[in-house]
Amino acid sequence: MMKYSVFTIKKMLIGLYCIGLGCIFSLQSQSRPNVILVLTDDQGIGDLGAHGNKWLKTPEIDAFYNDAVRMTNFHVSPLCTPTRAAIMTGKYPISNGAWATYKGRDALSNPVTMADVFKKNGYKTALFGKWHLGDNYPNRPTDSGFDTAIHHLAGGIGELSDYWGNDYFDDVYYVNNQPKQFKGYCTDVWFNETINFIKNNKDQPFFVYLPLNAPHDPLYVDEKYAAPYRHLEGKEIVSANLYGMIANIDHNFGKLTKFLKAEKLEKNTIVIFMSDNGTRYGYQEADNLGYNKGYSGIKGSKQEGGHRVPFFIRYPEARINGGKDNNTLAAHIDLIPTLASLCKLDTPDTLGLEGVDFSPVLKNTDAILKDRTLFLHNRQDWRPPRQESDGLVLRNEWRLLQGKELYNVVADPKQKKNIAKEHPQLVKDLQSENATFYTSALGNDVINEIPVAIIGTEHQKEIKLTIQHAIGDDNGIWKTEQVAGGVKNKNNTHAIEVAKEGMYTISCMRWSKEVPGPILGVPSKFPKSNFEYVSISPDKVRLRIANQIFEKTINSNDQSTDFKVFLEKGKTFLVADFISATETYGVYYIYINKI
């Protein structure tokens, strides 16, 4: 009889174990939790039944709330791009460069993202919905760590940078950057595609980022969802359609929850439900309409209602469930370190994370983290946020607004009484912390370097630039109906990088390629829309790029004024204007191709 040593027997057992279960590494990767991050758009702290809204019915999200750990003192930036950038990078917007929703500051400068971290740790990654961190290479979702991305462009469906004609129903979205027609309502599409992705990738850990465009305006939804709230509109609530959009989200969230349970994925999947900023149409304090959970401030505001948002997380396998509240101060910048801890992810030191890991208080809501101070700076401009006038400092229950107004949001949730004079030392301390943080942020390259679209690569043959993202000092222009109506805007500058020197065609157009029409006229065929198309009458187009200036006269039937330009490698600004005898204004659409 052959004899075996203990060491040999152990090796045989390990071999049999690997044969039966694949391999130890594979088993370990499978034991890692899946992650689904649901981020709604413009859904405020009071836009949920679970938060005390007596009109809005959200039974599916409420059920999740009842079994989740709720971070009740969770904060984001007051606007969507800054929040999304902070989530993706683990850095404050002033540190990652995306502190606005337009004017060249609504894109990242190709950093390592949350999706990159998950992907490098063996996860399949996907995004469904709204990105709003760059429409061109190298800042698209597929350039930022996502294996699969199905999304609309810009900050919302129906915006002028998105596919022209989209209106939430039966739209064209981009599947790994290629346009594709979809059937159905936008939110239904995002959740259905999420479920399809999970079905096809459930045999390995997955990270799904599900950033919705709802309930952002325009407030379009099937009437069956809005009808139950129609009688309340203008009497108790601001908009029945808003509530209908949230009801539709609730229906889809319930569908996703049931799917995870049926697939036996529920216990080993971290699900997060949160919003990107305060409500926009859910609360009007002046008219006493809607509900904001006792806070003042809506989207865009530095008051509490502009940045305190719902944050519910459930992960049954780690006992992060059971319906518990935790009031620890936490924020969007904390998601990468927290998820990295829960999922045992390796994170590179070069990330420069500014958030903290709050997973200890998720596992034990009686745990206490070290006191901290948060800094929220954003500005609707290409220029950096200012230290005090664009800033908000948070510590425990204290809020220092614009460097001079101090509030205690526990004693005074509506922030009616500025108590800075009663606490001069606290004001000085918070001002000092903010100054130290701000000075450090000024050392980042992104403060002065505008994110670029890179031309002349195989990654994206044609670059599309729009006036929505143009840099300038004019107000914003966002909607296709503004372009159709001939609204003029002086923003005219775009930051680009030339990857390969050579000849390029730069086409300046009045209309998007989806609705071809003459510069001096209107398209012959209109997509689905109910807005008016108006002609404009510029005489010529002026183009400035890389120390070169060109002008061309616009002929009556020209759909595009094209310039053939030699460009050397490197970064530069492109400036394009329509010019008439009386005015100069930015070109609406610019397409760039390497010859």
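Scope of the values below: all heavy atoms of this structure, side chains included, with no hydrogens, waters or symmetry mates.
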Trace of the salt bridge (charged side-chain N to carboxylate O under 4.0 Å, His left out) decision for R280 with D217:
CA-CA 9 Å; R280 185 173 181 191; D217 63 294; 2.8 Å; yes
Quick one: do the [X] and [Y] side chains pair a donor with an acceptor below 3.5 Å?
X    : Y    : result
N192 : D188 : no
H332 : D334 : no
E304 : Q415 : no
S239 : N241 : no
T89  : N96  : yes
Q43  : T279 : no
S77  : N378 : no
S512 : E514 : yes
T58  : D250 : no
N248 : D222 : no
Y243 : N53  : yes
H132 : T81  : yes
S161 : Q468 : yes
T142 : N177 : yes

Using the rule ring-ring contact (aromatic ring centres under 6.0 Å, His included), only one of F273, F259, F312 pairs with F253; which is it?
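Result for ring-ring contact (aromatic ring centres under 6.0 Å, His included) with F253: F273.
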Should the ring pair [X] and [Y] be called parallel, tilted or perpendicular, given that the plane angle runs from 0 to 90° and is split at 30 and 60?
X    : Y    : answer
Y220 : Y168 : perpendicular
F375 : H377 : parallel
W164 : Y533 : tilted
F169 : Y185 : tilted

Name the one of K261, R314, K258 that satisfies side chain to side chain donor-acceptor pair (under 3.5 Å) with E266?
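When side chain to side chain donor-acceptor pair (under 3.5 Å) is applied between E266 and each of K261, R314, K258, only R314 qualifies.
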Test ring-ring contact (aromatic ring centres under 6.0 Å, His included) on Y102 and W478; report intermediate values, then the result.
CA-CA 9 Å; Y102 69 140; W478 278 276; 4.9 Å; yes
Are any of the side-chain nitrogens in [X] or [Y] under 4.0 Å away from the carboxylate oxygens of its partner?
X    : Y    : value
D412 : K417 : no
K199 : E193 : no
D381 : K103 : yes
E388 : K404 : no
K255 : E60  : no
D135 : R140 : no

Close side-chain approach of [X] and [Y], heavy atoms under 4.5 Å:
X    : Y    : result
S275 : D42  : no
V487 : I477 : yes
Y407 : W398 : no
V69  : T365 : yes
P384 : R105 : no

Does [X] reach the main-chain N or O of [Y] with its side chain, forming a donor-acceptor pair under 3.5 Å?
X    : Y    : answer
Q380 : T101 : yes
D167 : G158 : no
N418 : L406 : yes
D147 : T125 : yes
D390 : P385 : no

Pairs of donor and acceptor atoms involving the side chains of residues 148-155, under 3.5 Å and at least two apart or interchain, shall be tabulated with distances.
none

Atom CD of E223 with >12 non-hydrogen neighbours under 6.0 angstrom
yes
Take atom CG in D287; do more than 12 heavy atoms of anything else shown fall under 6.0 Å from it?
yes
Is there a ring-ring contact (aromatic ring centres under 6.0 Å, His included) between Y173 and W190? Walk through the geometry before answering.
CA-CA 10 Å; Y173 304 129; W190 310 137; 4.5 Å; yes
